[in-house]
Chemist: 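Below you'll find the structure I mean.
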Number of protein chains: 2
Amino acid sequence: MTLKLDKVNRGPHLSTLVASSISREIAQGRLKPGDQLPTEQALATTFGVSRNVVREAIARLRSEGRIWSQQGRGAFVADATNATVLTIDYETLQRADSFRNLFELRGMLEVQIAALAAARRSDADIAAMEEALDGMRTAPYGSVAWLKNDLGFHRAVAEATQNPYMGQFLVFVSERVRESILAAGNQQKSDDMARTTLGEHERILAAIKAGDAKGASAAMTRHLAGAASRVGLPGGEASAKPASPARHSRLRKAVRGQAAG
Amino acid sequence: MTLKLDKVNRGPHLSTLVASSISREIAQGRLKPGDQLPTEQALATTFGVSRNVVREAIARLRSEGRIWSQQGRGAFVADATNATVLTIDYETLQRADSFRNLFELRGMLEVQIAALAAARRSDADIAAMEEALDGMRTAPYGSVAWLKNDLGFHRAVAEATQNPYMGQFLVFVSERVRESILAAGNQQKSDDMARTTLGEHERILAAIKAGDAKGASAAMTRHLAGAASRVGLPGGEASAKPASPARHSRLRKAVRGQAAG
DNA sequence: TCTTGTCGTGTTATCATACAACCCTGATTG
DNA sequence: CAATCAGGGTTGTATGATAACACGACAAGA
């Protein structure tokens with residue numbers, strides 16, 4: 001088996017390059033689950049690095065659950081389902097369709113979370129949301145402080161579900177969405193957007209405060225539709241239930257604007 | 001002389017122990033974002049291991065986005081939002097409330113995914129679901145083959161959304177739920193459960209096949225309620241919209257049964 | 001023939017040391 | 001005062017050695 005392993009070009013860390021190279025071999029199917037990797041020594045020579053670097057790369061892949069190794073035997077490719085971490089590599093983040101898909105996933109989470117939050121929120125949760133909203137009011141639209149408080153609001157909503165995983169997942173997805181927006185580059189802001197966005201948040205908060213689950217998810221749906229249009233996505237589809245079965249209608253190039261919250 | 005055994009508990013890999021030890025320091029706030037870690041040499045001596053092991057641990061934490069390092073300066077704790085991977089450590093998985101919360105998150109995803117799948121499924125998606133269902137029919141309830149096809153069915157539904165992240169997230173959460181069930185240990189099966197579960201799946205498939213988004217999510221809700229009761233959880237709350245604002249009603253001990261699909 | 005024990009080889013796990021690349025600081029020097 | 005340079009400290013990488021473990025080969029014994 002001659003794995004197509006190129007010599008690594010100098011970059012941030014050699015171990016990172018080696019790890020992603022092996023990872024690519026696995027992702028592209030040249031290394032299937034159960035296969036044994038070349039020995040550390042062999043990998044070291046083929047990559048042109050020291051065995052130490054190879055070991056750091058393998059330690060990383062092992063922590064991700066992609067491979068497992070045993071002393072005296074070797075390293076083997078693990079089953080895909082054994083992945084103990086959920087990761088989205090930076091390369092795919094830069095594709096326009098992955099942005100759209102991430103945004104859709106985020107919307108799905110947010111709408112449901114809003115409904116749960118309305119049913120379970122405590123007074124402390126309400127206070128956290130109001131604090132974040134205040135922070136957004138004083139910060140200029142699109143600034144770091146604004147984005148921070150925006151994320152903080154949504155996190156507070158997620159934490160109001162009393163289910164810690166909700167916040168964990170939502171923040172993770174939201175951060176990927178934000179990175180994806182940054183990767184797309186260009187942005188355009190206006191004071192109008194700030195007012196609109198703030199109003200959307202206020203309606204969400206009001207519904208949650210009132211314990212109105214249905215209203216909260218509706219307000220969140222509106223907010224996400226607005227956010228989608230502000231970043232150049234067709235709004236309706238970002239909601240949980242698409243009106244039309246627009247099959248395979250992905251790959252829109254338009255990703256404009258920065259503040260997507 | 002084996003005096004090193006006192007410094008670190010023997011485990012799978014020293015680097016793993018060091019990594020989780022540092023990770024715990026960060027999680028418990030003794031190391032805050034921006035703080036500088038001790039030097040590799042210092043960590044090596046305090047842990048009683050070689051610098052090489054420390055480097056493997058740091059390589060792992062760096063890949064997870066928990067810390068960042070620069071040559072000539074040192075290693076620093078990164079912001080929590082910079083985490084590039086989503087991970088749920090095994091310890092918290094074993095707690096009963098985390099199981100309940102994970103199940104709720106999974107339910108939220110499944111119900112929405114079913115609706116999307118009904119709107120977007122292709123013929124190939126339908127074929128994949130039917131194949132998985134066939135596999136469940138021939139395998140004994142709760143067996144490895146049964147669980148594999150069960151997961152395969154839900155994965156097929158997720159892939160029918162034409163959004164790869166849906167499947168990625170769902171499989172991740174489902175695997176954690178399964179691990180959590182296994183951690184709880186005891187299980188009880190019956191042919192009755194097999195028939196019931198199969199019927200629930202068939203109704204989901206029928207709704208998706210018909211393009212009935214509302215029916216699909218309803219069928220999935222019923223399925224999840226059934227699965228919840230089969231593993232000893234109160235069924236209704238696992239659905240997306242809890243009937244009552246049962247605040248802080250977590251920490252149920254009853255986690256019985258294995259096949260939760 | 002079958003079992004069992006031993007040994008040798010290959011591999012990973014760990015250790016130890018050395019050097020290169022780089023950052024930071026402070027003294028030197030123009 | 002500013003620029004430069006030397007030095008120490010830290011991470012990044014290379015190299016060699018040793019320990020722990022897996023596995024097959026092979027011979028001795030029943």
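All figures in this text were calculated on a predicted structure; none of them were measured in a lab. Protein chains get the first letters and strands the later ones, always in sequence-line order, with residue 1 at the start of each.
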Chemist: Is there any salt bridge (charged side-chain N to carboxylate O under 4.0 Å, His left out) pair reaching into residues 157-170 of chain A, and which pairs are they, with sequence neighbours excluded?
Modeler: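 The answer is none; no pair qualifies.
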
Chemist: Under 4.0 Å from any atom of DNA chain D, heavy atoms only: list the residues of residues 52-63 of chain B that qualify, in numerical order.
Modeler: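 Heavy-atom contacts with DNA chain D come from B/Arg55, B/Arg62.
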
Chemist: Go through the structure and list residues passing side chain to side chain donor-acceptor pair (under 3.5 Å) with B/Arg155, not counting sequence neighbours.
Modeler: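 None.
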
Chemist: Rounded to 10°, tell me the angle between the two end axes of the helix from C/dT1-D/dA30 to C/dG30-D/dC1, each built from five pairs.
Modeler: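 That helix has its two terminal axes inclined by roughly 10°.
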
Chemist: Not counting sequence neighbours, which residues clear side chain to side chain contact (heavy atoms under 4.5 Å, CB included) with A/Gln41? List them please.
Modeler: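 Residues passing side chain to side chain contact (heavy atoms under 4.5 Å, CB included) with A/Gln41: A/Thr39, A/Thr45, A/Arg51.
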
Chemist: Applying side chain to side chain donor-acceptor pair (under 3.5 Å), name anything that partners B/Arg66, two or more places apart in sequence or on another chain.
Modeler: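 Here the qualifying residues are B/Ser23, B/Glu64.
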
Chemist: Would you kindly check whether a donor in the side chain of B/Arg51 faces an acceptor in the base of D/dG12, or vice versa, at under 3.5 angstrom?
Modeler: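 Between D/dG12 and B/Arg51, which were checked side chain against base, a qualifying N/O pair under 3.5 Å is present.
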
Chemist: Using the salt bridge (charged side-chain N to carboxylate O under 4.0 Å, His left out) rule, collect all pairs that involve residues 134-147 of chain B, keeping only residues at least two apart or in two chains.
Modeler: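 Output for this query lists B/Asp134-B/Arg137, B/Arg137-B/Glu202.
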
Chemist: Can you tell me if the side-chain N/O atoms of A/Ser50 get under 4.0 Å from OP1 or OP2 in D/dT13?
Modeler: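 Checking A/Ser50 against D/dT13: no side-chain N or O falls below 4.0 Å of OP1 or OP2.
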
Chemist: Once each nucleotide of nucleotides 5-11 of chain C is scored for protein heavy atoms under 4.0 Å, what B/S/- sequence comes out, 5' to 3'?
Modeler: -----BB

Chemist: Please identify each residue that fulfils side chain to side chain contact (heavy atoms under 4.5 Å, CB included) with A/Ala124, with sequence neighbours left out.
Modeler: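 Checked A/Ala124 against side chain to side chain contact (heavy atoms under 4.5 Å, CB included); matches are A/Ser122.
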
Chemist: Side chain to side chain donor-acceptor pair (under 3.5 Å) with A/Thr87: which residues, sequence neighbours excluded?
Modeler: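 With sequence neighbours excluded, A/Thr87 shows a side chain to side chain donor-acceptor pair (under 3.5 Å) to no residue whatsoever.
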
Chemist: Please name all residues satisfying side chain to side chain contact (heavy atoms under 4.5 Å, CB included) with B/Asn52, sequence neighbours left out, ordered by chain then number.
Modeler: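 Applying side chain to side chain contact (heavy atoms under 4.5 Å, CB included) to B/Asn52 gives A/Asn52, B/Ser50, B/Glu56.
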
Chemist: For residues 69-85 of chain A, which residue pairs qualify under salt bridge (charged side-chain N to carboxylate O under 4.0 Å, His left out), counting only residues two or more places apart or in two chains?
Modeler: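 Those involving residues 69-85 of chain A do not exist here.
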
